[in-house]
Amino acid sequence: MKKINKLLFKLLIVLPMFAIGQSSPNSKTRKSYDKLDNIKIDKVVYYESPYTMIAHKPVETAYLPSWYWGYCAKNYPLAFKNYVAEANSFMLLPKSFSETKLKEYETKFKSLKLEDFPMPYVYCYGEIYFTDKKTQKQYLALLAYKFEKQSPNMEFNKIDIQKFKVPKDWRYKNSKVESDTFVQVYDAPTVINYFVLDKDGFYKEGDNVEIDENIVKNGNSNIIIGENRFDHFLDMLKRSPNYIRSYIINGERIFETNKQTPKGVISIGSKRKQP
């Protein structure tokens, strides 16, 4: 009986302490974009066939995403006929550069070889368009992988979004299973770049830290954004009433709108060449 009383006494002390610890104002909370009260999701695009760039150069030429010119203004001078004259019109202040700096970067870029890029292979797999409810300004979060080596199997058309999960205990394992097409996405961190819709209708690269901390997280440093992993992004797709899926057939990029129904995901509307 005495042992039972001692146990109850310990529990009465430990449980309240545990509860206090759980509600600590400094504890981190993981939230997805669609779970944030301060922003409104406008559109989600899932690149089932990732939009690929090698050393900042897009592999595709027929389709240019909405963020293309804003991205190239900072990263890929060869996209422009006159980089020095055009680049700043696709940058937001204070991101713009002097004519001298632009010339220097263009000259340096032309001399670079593939091996000069530490992570030359970029695979963009998601776009999240959202509006800041306070200011009504529109933003775009670009989700991508950056790899040192090329991943020829980077196609997600065999993934069942409703069932996909990272195999238990596989994340961060040193030994990889070569037969698994998607093993490279299990523990690779997602790189998120933010773009801002400017008044001229172009999405321009924004200040990633400023947008992440003060727009997305609304100044709350205890929030961790969930879409920093591929499986978290797929979880958001499951919750979305609809989203845009993009894939490549016979060398042509196609977009279609997918809708969640009680019987599963169905395609609605027509297939198209733009989101």
Determine whether a donor-acceptor pair (N or O, by modelled atom type, separation under 3.5 Å) exists between the side chain of Thr261 and the backbone of Lys263. yes

Are any of the side-chain heavy atoms of Thr131 and Ile39 separated by less than 4.5 Å? no

query = Between Tyr47 and Phe255, how do the two ring planes meet: parallel, tilted or perpendicular, split at 30° and 60°?
reply = perpendicular

* Using distance alone, with no hydrogens and no angle criterion, decide if Asn208 and Asn193 have a side-chain donor and acceptor under 3.5 Å apart. => yes

* Tell me, with the steps shown, if Asp132 and Lys137 meet salt bridge (charged side-chain N to carboxylate O under 4.0 Å, His left out). => CA-CA 6 Å; Asp132 179 13; Lys137 286 192 77 170; over 6 Å; no

Do Phe156 and Tyr247 come close enough that some side-chain heavy atom pair is under 4.5 Å? no

Value for CG (Leu112) from NE2 (His56), rounded to nearest 0.5 Å, stands at 9.0 Å

Self-check item: Side-chain H-bond candidate by donor/acceptor type, Thr190 with Tyr125, under 3.5 Å
Solution: yes

Heavy-atom nearest pair, Pro120 first then Glu148, reads CD-O, 3.7 Å

Here the gap from Ile192 atom CD1 to Tyr194 atom OH, rounded to the nearest 0.5 Å, amounts to 5.0 Å

Salt bridge or not for Glu127 and Lys43, using N-O below 4.0 Å?
no

State whether the number of non-hydrogen atoms from other residues, nucleotides or ligands found under 6.0 Å of Asp200 atom CG is greater than 12. yes

When every non-hydrogen atom of Val45 is compared with those of Pro275, the smallest separation belongs to CG2-CB, 4.4 Å

message = Tell me whether Val209 shares a hydrophobic cluster with Met91, the cluster being built from Ile, Leu, Val, Met, Phe, Trp, Tyr side chains joined at under 4.5 Å.
response = no

Check: Any side-chain donor paired with an acceptor under 3.5 Å for Arg245 and Thr257?
Finding: no

Same apolar cluster (I L V M F W Y, side chains within < 4.5 Å links), Ile225/Met236:
yes

**Report entry** Val216 and Ile223, any side-chain heavy atoms less than 4.5 Å apart
**Finding:** no

task: Classify the angle between the aromatic ring planes of Phe147 and Tyr123 as parallel (below 30°), tilted (30 to 60°) or perpendicular (above 60°).
output: tilted

From the list Phe80, Tyr68, Tyr71, ring-ring contact (aromatic ring centres under 6.0 Å, His included) with Phe90 holds only for Phe80

Output for pair (Ser32 OG, Asp235 CG), nearest 0.5 Å, gives 7.5 Å

| said: Contact between Tyr33 and Val44 at the side-chain level, heavy atoms closer than 4.5 Å - yes or no? | reply: no

For Ile211 and Gly206, the nearest pair of non-hydrogen atoms, with its separation, is CD1-CA, 4.0 Å

Could you walk me through whether Val84 and Glu106 satisfy the side-chain contact (heavy atoms from CB on, under 4.5 Å) test, starting with their C-alpha distance in whole Å, then the side-chain angles of each, then the deciding distance to 0.1 Å, before giving a yes or no?
CA-CA 8 Å; Val84 175; Glu106 183 179 27; 3.8 Å; yes

Before you tell me yes or no, could you show the steps for Tyr139 and Leu197 under side-chain contact (heavy atoms from CB on, under 4.5 Å), namely the whole-Å CA-CA distance, both residues' side-chain angles and the distance that decides it to 0.1 Å? CA-CA 6 Å; Tyr139 298 85; Leu197 182 62; over 6 Å; no

In short, Phe97 meets Asn88 closest at the heavy-atom pair O-ND2, 2.7 Å

The complete set of side chain to side chain donor-acceptor pair (under 3.5 Å) pairs with one or both residues in residues 72-87, sequence neighbours excluded, reads Lys74-Glu205

**Prompt:** Between the main-chain N or O of Asn222 and the side-chain N or O of Asn220, is there a donor-acceptor pair closer than 3.5 Å?
**Reply:** yes

| field | Side-chain (Asp198) to main-chain (Lys204) donor-acceptor, under 3.5 angstrom | value | no

Worksheet item: Among the clusters formed by ILVMFWY side chains lying less than 4.5 Å apart, do Phe233 and Ile244 turn up in the same one?
Response: no

Only residue of Asn242, Ile266, Val265 satisfying side chain to side chain contact (heavy atoms under 4.5 Å, CB included) with Gln260 is Val265

| task | Examine Leu142 and Leu237 and state if one hydrophobic cluster contains both, with Ile, Leu, Val, Met, Phe, Trp and Tyr joined whenever side-chain heavy atoms are less than 4.5 Å apart. | result | no

Checking side chain to side chain donor-acceptor pair (under 3.5 Å) for the pair Gln274/Tyr63: CA distance, chi angles, key distance, verdict? CA-CA 8 Å; Gln274 294 290 332; Tyr63 167 70; 5.1 Å; no

Review point. More than 12 heavy atoms of other residues, nucleotides or ligands under 6.0 Å from NZ of Lys259: is that the case?
Key: no

One should read off an interatomic distance between Ser221 OG and Glu213 CD, to the nearest 0.5 angstrom, of 8.0 Å

**Asked** Are any side-chain N or O atoms of Lys101 and backbone N or O atoms of Ser96, one a donor and one an acceptor, separated by less than 3.5 Å?
**Response** no

request  = Tell me yes or no: between the side chains of Asn38 and Lys217, is some donor less than 3.5 Å from an acceptor?
outcome  = no

*asked:* Hydrogens and angles aside, do Ser49 and Arg253 bring a side-chain donor and acceptor to less than 3.5 Å of each other?
replied: no

Item to complete: Please test Phe202 against Trp67 for ring-ring contact (aromatic ring centres under 6.0 Å, His included), starting from the C-alpha separation and ending with a verdict.
Response: CA-CA 7 Å; Phe202 287 98; Trp67 45 267; over 10 Å; no

To the nearest 0.5 Å, atom OG1 of Thr52 lies from atom OH of Tyr121 at 11.0 Å

ask   = Any side-chain heavy atom of Phe195 within less than 4.5 Å of one from Ser66?
value = no

| request: Answer with yes or no whether the side chains of Arg272 and Ser246 bring together a donor and an acceptor at under 3.5 Å. | output: no

Checklist entry - Parallel, tilted or perpendicular: which fits the ring planes of Phe230 and Tyr145, with parallel below 30° and perpendicular above 60°? => result tilted

Cluster question for you: counting only ILVMFWY and a side-chain heavy-atom cut-off of under 4.5 Å, with indirect links fine, are Leu114 and Phe109 together?
-> no

With ring-ring contact (aromatic ring centres under 6.0 Å, His included) as the criterion, how do Tyr203 and Tyr129 come out once you've worked through the C-alpha distance, each side chain's angles and the decisive distance to 0.1 Å?
CA-CA 11 Å; Tyr203 277 93; Tyr129 295 77; 5.6 Å; yes

For this session: Report the C-alpha separation of Lys113 and Asp116 in whole Å, then their side-chain angles, then the decisive distance to 0.1 Å, and conclude whether the salt bridge (charged side-chain N to carboxylate O under 4.0 Å, His left out) test is met.
Result: CA-CA 5 Å; Lys113 298 178 181 178; Asp116 295 323; over 6 Å; no

- Query: How about Phe117 and Ile54: do any of their side-chain heavy atoms sit closer than 4.5 Å?
  - Reply: no

Report yes if the side chains of Arg239 and Asp34 come closer than 4.5 Å at any heavy-atom pair, otherwise no. yes

Is there a donor-acceptor contact under 3.5 Å from the side chain of Glu48 to the main chain of Ile248? no

When every non-hydrogen atom of Phe130 is compared with those of Asp42, the smallest separation belongs to C-OD2, 3.3 Å

**Short N-O contact, Lys103 and Glu99, less than 4.0 angstrom** = yes

Interatomic distance, OG@Ser240 vs CG@Leu234, rounded to 0.5 Å, equals 10.5 Å

Next on the checklist: Between Ile41 and Ile128, is there a side-chain heavy-atom distance shorter than 4.5 Å?
Outcome noted: yes

Ala144 and Val122 have their tightest heavy-atom pair at CB-CG1, 4.1 Å

